[in-house]
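So the structure is just underneath, and the comments pick up after that.
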Amino acid sequence: MFEARHNMDAPTTTSADDGTPGDGGGWFTPRKPSKGPEDGRITTAPTTPEAPESGVAPEAPETREAPQATEALGAMEALRATEASRASQQQASTPQAQSTAPPISVRQAKPAQQASADALLVQRTMAEIEPVADKVTSYFYALLFTRHPDLRALFPAAMDTQRDRILKALLTAAEHIDHTDVLVAYLKNLGRGHRKYGTQAEHYPAVGECLIGSLSRYASATWDEETEAAWVRTYTTISQVMIDAAAEDEMRAPAWWFAEVVSHDLRTPDIAVVTVRPDQPYPFLAGQYTSLETPWWPRVWRHYSFASAPRPDGLLSFHVKAVPAGWVSNALVHHARPGDILRLGPPTGSMTVDHTTDSGLLCLGGGTGIAPIKALVEDVAEYGRRRPVEVFYGARTDHDLYDIDTMLRLQQSHPWLAVRPVVDQRAQLPDAVREYGPWNEYDAYLSGPPGMIRNGVDALRDIGIPEGRIRHDSVEELVASD
């Protein structure tokens with residue numbers, strides 16, 4: 001459902017210190033859009049994802065497991081105006097694929113003007129509660145599950161892995177509250193993605209009520225009617241964007257896909273290539289990723305990149321590394337077998353190839369992060385343009401270069417492709433890139449562990465690659481990967 005990161009709705013009354021609503025009225029009830037089939041399983045294919053926005057630095061899951069993307073909060077009239085404008089543009093054109101929005105990155109956007117009054121109030125609240133984030137989170141869930149016990153079933157049985165995500169989400173949101181262009185696209189993506197959790201429009205008020213109750217209790221030094229009103233406007237706006245996006249998506253795509261495991265290739269004791277067959281067409285773009293649920297851990301979803309470009313047979317492959325205490329990763333590596341049924345969420349991510357240019361591709365893949373890089377290479381090959389592609393495949397040991405044979409075969413088949421394995425105990429892949437080049441005519445793509453992505457972005461900027469030409473999926477999603 002609206003995992004710990006997206007749990008908010010919009011109250012319209014003052015909250016008491018104990019988190020209970022005041023006497024001044026009822027909580028905001030979002031406008032309910034018309035519903036599609038009851039189970040949300042529409043056979044119509046989703047539309048094609050949007051190309052990454054110029055100047056946005058997406059960030060990519062290491063084909064890895066990353067928990068849910070952080071949420072964005074914002075409430076200004078500008079957000080409403082942007083949403084209305086985009087909606088009218090969408091009505092004027094016929095979409096062909098499920099639109100996907102890049103996760104919000106700290107460097108993505110800068111407010112075009114001074115921070116709004118609501119943004120300042122929200123950020124002030126976040127500054128006060130940050131030192132007691134754990135208490136706020138615990139109190140939030142206590143309120144939510146006590147007041148609305150029916151919602152407990154939408155969450156995993158064990159909450160340990162997601163308790164702190166809501167606060168991380170709020171902090172990220174506060175940082176980007178006035179970045180309306182990025183925010184609207186991101187919120188739409190969240191609204192679509194939340195369908196797989198069973199989230200309904202009527203769930204948002206309960207979440208908003210408990211959010212406000214938690215904030216008012218722990219931000220007592222700065223909390224007042226003006227601050228609450230700012231949070232109400234903020235949450236009202238975001239929740240409606242998410243609700244509308246989910247309703248639109250319901251008319252053209254299922255909430256999730258069932259997928260049967262058709263092969264399980266154990267490449268190393270802790271890395272497996274898992275190939276599945278979806279129960280209906282699954283449109284996606286090379287470089288994107290999806291969320292995946294196993295039968296062993298119901299309601300626990302993790303993110304994995306597609307390890308190939310779209311295939312004629314419709315099969316999907318993922319490279320999975322079992323990590324310590326990783327519920328989903330260990331299940332997929334050590335327990336999954338052909339015939340097992342998994343569930344897939346919708347495709348997302350903006351680390352896709354821009355086929356409108358002839359720029360070269362500089363690709364850095366660390367560990368199982370080589371999976372989406374391989375997909376990008378296949379995409380370039382399929383498109384038919386002879387544009388240079390340089391792949392740096394990083395690993396700590398030779399043993400960890402589990403897919404090097406595949407990459408070298410691709411190199412033999414395509415003279416425009418160069419594959420450079422980099423083995424270093426310190427995993428200093430970005431340093432190796434500096435020895436080659438120049439890269440000023442290349443678009444850069446990074447996929448791997450969070451530290452590699454952060455160091456890689458810094459290194460690429462230092463050698464002159466413009467930030468708008470560096471693409472990766474959300475580092476925030478990788479931090480607590482399971």
Side-chain angles (χ1 to χ4, degrees), residues 58-66 259 261-268 270-276 278 282 284-292 302-311 315-323 326 328-329 332-333 336 342 344-345 347-353 361-382 389-396 399-411 417 419-422 427 429 444-450 452-453 456 471-475 477-478 481-482:
E59 313 165 351
E62 175 197 342
T63 213
R64 71 283 160 177
E65 306 191 307
V261 176
V262 296
S263 70
H264 185 278
D265 179 11
L266 194 64
R267 296 289 182 86
T268 75
D270 60 355
I271 296 177
V273 176
V274 181
T275 301
V276 304
Y282 188 100
F284 71 98
L285 297 180
Q288 289 192 302
Y289 60 97
T290 186
S291 51
L292 188 154
R302 295 294 180 262
H303 292 162
Y304 294 96
S305 296
F306 299 105
S308 68
R311 297 164 46 167
L315 298 181
L316 310 172
S317 291
F318 306 96
H319 294 186
V320 184
K321 179 180 177 64
V323 299
V328 176
S329 64
L332 289 172
V333 172
L342 312 177
L344 305 176
T348 189
S350 307
M351 199 182 73
T352 55
V353 177
L361 273 65
L362 170 60
C363 302
L364 283 67
T368 51
I370 197 64
I373 300 301
K374 171 176 169 287
L376 295 177
V377 171
E378 293 177 353
D379 189 37
V380 172
E382 185 174 344
V389 179
E390 299 272 346
V391 174
F392 289 80
Y393 183 1
R396 295 184 183 276
H399 172 79
D400 295 324
L401 292 173
Y402 67 93
D403 210 33
I404 188 62
D405 290 343
T406 302
M407 298 305 299
L408 292 177
R409 284 195 296 270
L410 286 171
Q411 179 180 247
L417 172 64
V419 177
R420 308 180 192 277
V422 179
L429 183 58
Y445 297 80
L446 298 91
S447 177
M452 189 218 85
I453 291 179
R471 298 176 179 171
H472 56 103
D473 285 315
S474 178
V475 167
E477 292 183 351
L478 296 170
S481 62
D482 182 292

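Ring centroids of Phe318 and Phe306 are separated by less than 6.0 Å, placing the two rings close together.
In plain terms, the two heavy atoms of His264 and Ala336 that are nearest each other are CD2-O, 3.3 Å. In this structure, Ala375 and Ala286 approach most closely via the heavy-atom pair O-CB, 3.4 Å. Taking all atoms of both residues into account, the shortest heavy-atom contact from Gly366 to Pro449 is O-CD, 3.8 Å. Heavy atoms only, all atoms of each residue included: Asp379 and Ala309 are closest at N-CB, 4.0 Å. The two residues Val333 and Ala322 make their nearest non-hydrogen contact at CG2-N, 3.7 Å. Taking both residues in full, the closest heavy atoms of Gly365 and Ile373 are given as CA-CG1, 4.0 Å, listed atom of the first, atom of the second, then distance.
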Task: Worked verdict on Val320 versus Val328 for side-chain contact (heavy atoms from CB on, under 4.5 Å) - done: CA-CA 9 Å; Val320 184; Val328 176; over 6 Å; no
TODO: Check step by step if side-chain contact (heavy atoms from CB on, under 4.5 Å) holds for Val422 and Tyr393.
DONE: CA-CA 6 Å; Val422 179; Tyr393 183 1; over 6 Å; no
- [ ] Given side-chain contact (heavy atoms from CB on, under 4.5 Å), test Leu401 with Met407 step by step and report yes or no.
- [x] CA-CA 10 Å; Leu401 292 173; Met407 298 305 299; over 6 Å; no
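Put simply, the side chain of Val419 does not reach to within 4.5 Å of the side chain of Leu410, judged on heavy atoms. Residues Pro278 and Leu316 have side chains in contact (heavy-atom distance under 4.5 Å, counting atoms from C-beta outward). Taking 4.5 Å as the limit, every side-chain heavy atom of Leu364 sits out of range of all side-chain heavy atoms of Tyr445. When side chains are defined from C-beta on, Asp265 does not count as touching Thr275, because their heavy atoms never get closer than 4.5 Å. The shortest distance between side-chain heavy atoms of Leu332 and Leu342 falls below 4.5 Å. Side-chain contact between Thr290 and Phe284 is absent, with no heavy atoms from C-beta onward closer than 4.5 Å.
Under the rule for a side-chain contact (heavy atoms from CB on, under 4.5 Å), the partners of Ser308 that lie at least two apart in sequence or sit in another chain are Arg311, Lys374, Glu378.
Remark: Leu417 CG to Leu361 CG distance equals 10.0 Å, nearest 0.5 Å. A distance of 11.0 Å separates CG of Leu292 from CZ of Arg302, quoted to the nearest 0.5 Å. The CD1 atom of Ile370 sits 10.0 Å away from atom OG1 of Thr368, with the distance rounded to the nearest 0.5 Å. We find the CG-CD1 distance between Asp403 and Ile271 to be 9.5 Å, quoted to the nearest 0.5 Å. Interatomic distance, OG of Ser447 versus CD1 of Ile453, reported as 6.0 Å (0.5 Å rounding).
Side-chain N or O atoms of Arg471 include one that pairs as donor or acceptor with a backbone N or O of Thr352 at under 3.5 Å. With hydrogens and angles ignored, the 3.5 Å screen pairs no side-chain donor or acceptor of Tyr282 with any backbone N or O of Leu315. Remark: the backbone N or O of Gly369 is not paired with any side-chain donor or acceptor of His319 at under 3.5 angstrom. Judged purely by atom type and a 3.5 angstrom limit, Gln288 uses its side chain to pair as donor or acceptor with the backbone of Gly349.
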